[in-house]
Structures are given as C-alpha cells and as structure tokens.
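One structure is given here, and the rest of the page talks about it.
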Amino acid sequence: MPRTVITFGTFDVFHVGHLRMIERAAAHGDRLVVGVSADALNRRKKDRDPVFGEDERLAIVAALKPVDEVFLEESLELKRHYIETYGADVLVMGDDWAGRFDEFKDVCEVVYLPRTPAISTTALIEKIAGA
Ligand code: C2G
C-alpha cells in the first residue's frame, strides 16, 4: 500500500520556504496531496486577501514535481474530513502549527517540521512594497 501524505497551506507569493516544506512533506511517503487554502478561508484566517487568487495558487502547487494531487481547503474545521477523503496516512505541517492538529492522531500520524528561517510571504510583501 502506498503511504499518502497530506499537507495544507496558503502558498501565497510562493517562495523557497514553501518549496522546502513540500519537498520534506513528500519525503514522508509515496504520494503527496496538498490542500491549498481558499481565498475566503485566507480572509478569515489572516484578515487580508492573498496576493494571488486560489486558482493561481492551486496551479502553482499542482505543477510542482513532488505534488500528486491538490484540492481547495475551504475550512479549517474540515481537516478530519480531508484526511479521511484522501486516505492520508500522515499529516505534515510547519511547526508554526505545532500541537494544533494533535486531535487527528487517532486517524493518521501527525508530524510538525521546522520552518525555513528568515523567509515569509509577509516579509516579501513588505520588501517589495518598500523597494
Ligand atoms: N513554511 C515554511 N517555512 C517558511 C514559510 C512557510 O516551512 N519560511 C511552511 C508553513 O509552515 C506551512 C507551509 O509552508 O506548512 C505553507 O505556509 P503558509 O502558506 O503560510 O500556510 P498557512 O497560511 O499557515 O496555512 O490548514 C492550515 C493552513 O491552511 C496553513
């Protein structure tokens, strides 16, 4: 049986920290499924619109070599549903979410990986705005 990994993110203004997370998530199994946050979810979570819309962010993530399947993550409350629907054996998240998804340990393994230091979408937006 192939081992399925699932991960989630907005992946706005795609950068190398996102890429490293996807590569490291993929290394935990044979098949990587990525939930890309919907624009509406992002607005609720971060109180601002993403720079790139959900269709563009989905297209970028879907084109990455380690990614087998993408879907739109409509709500944080649907995590268990997504894990079960995609048959995930392991949920991988950045450690900015450490502990937040431990409740799913009854249905899959839950792994938090350290973030790539010194890069973020917010810092990039500020850098570009100030350039
Ligand atoms: N990431 C990273 N290093 C960075 C920046 C981000 O490893 N320097 C990781 C995050 O930890 C996350 C993934 O890249 O695992 C996507 O990051 P975001 O787009 O910021 O994801 P977020 O908005 O936190 O969405 O259901 C959960 C959410 O959808 C997660």
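Along the sequence shown, residues are numbered consecutively beginning with 1. Every heavy atom of this structure was used, including side-chain atoms; hydrogens, water molecules and symmetry mates were not. Here the structure is a predicted model, which is why all the values come from computation and not from measurement. For ligands, and for the atoms within them, numbers begin at 1 and follow the listed sequence.
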field: Side chains of T10 and N42, donor plus acceptor under 3.5 Å
entry: yes
- prompt: Has K79 got its NZ or CZ under 6.0 Å from the middle of the six-membered ring of F104, at an angle within 45 degrees of the ring axis?
  reply: no
task: Please tell me if the side chains of M93 and R100 come closer than 4.5 Å, counting only heavy atoms from C-beta onward.
output: no
- request: For ligand 1, would you mind listing the residues that have at least one heavy atom less than 4.0 Å away, ordered by chain and number?
  value: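 If the criterion is a heavy atom under 4.0 Å, then ligand 1 touches F8, G9, T10, F11, H15, G17, H18, M21, R24, S37, K45, K46, E73, L76, K79, M93, G94, D96, W97, R115, T116, I119.
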query: Hey, are R31 and E69 close enough for a salt bridge, meaning a charged N less than 4.0 Å from a carboxylate O?
result: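 Here R31 pairs with E69 in a salt bridge, since their nearest N and O are under 4.0 Å apart.
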- prompt: Pick from V5, T7, V111, T116: which one makes a side chain to side chain contact (heavy atoms under 4.5 Å, CB included) with R24?
  reply: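 Of V5, T7, V111, T116, side chain to side chain contact (heavy atoms under 4.5 Å, CB included) with R24 is met by T116 alone.
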- request: May I ask you to check whether Y86 and F71 place their ring centres under 6.0 Å from each other?
  value: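 Ring centres of Y86 and F71 closer than 6.0 Å.
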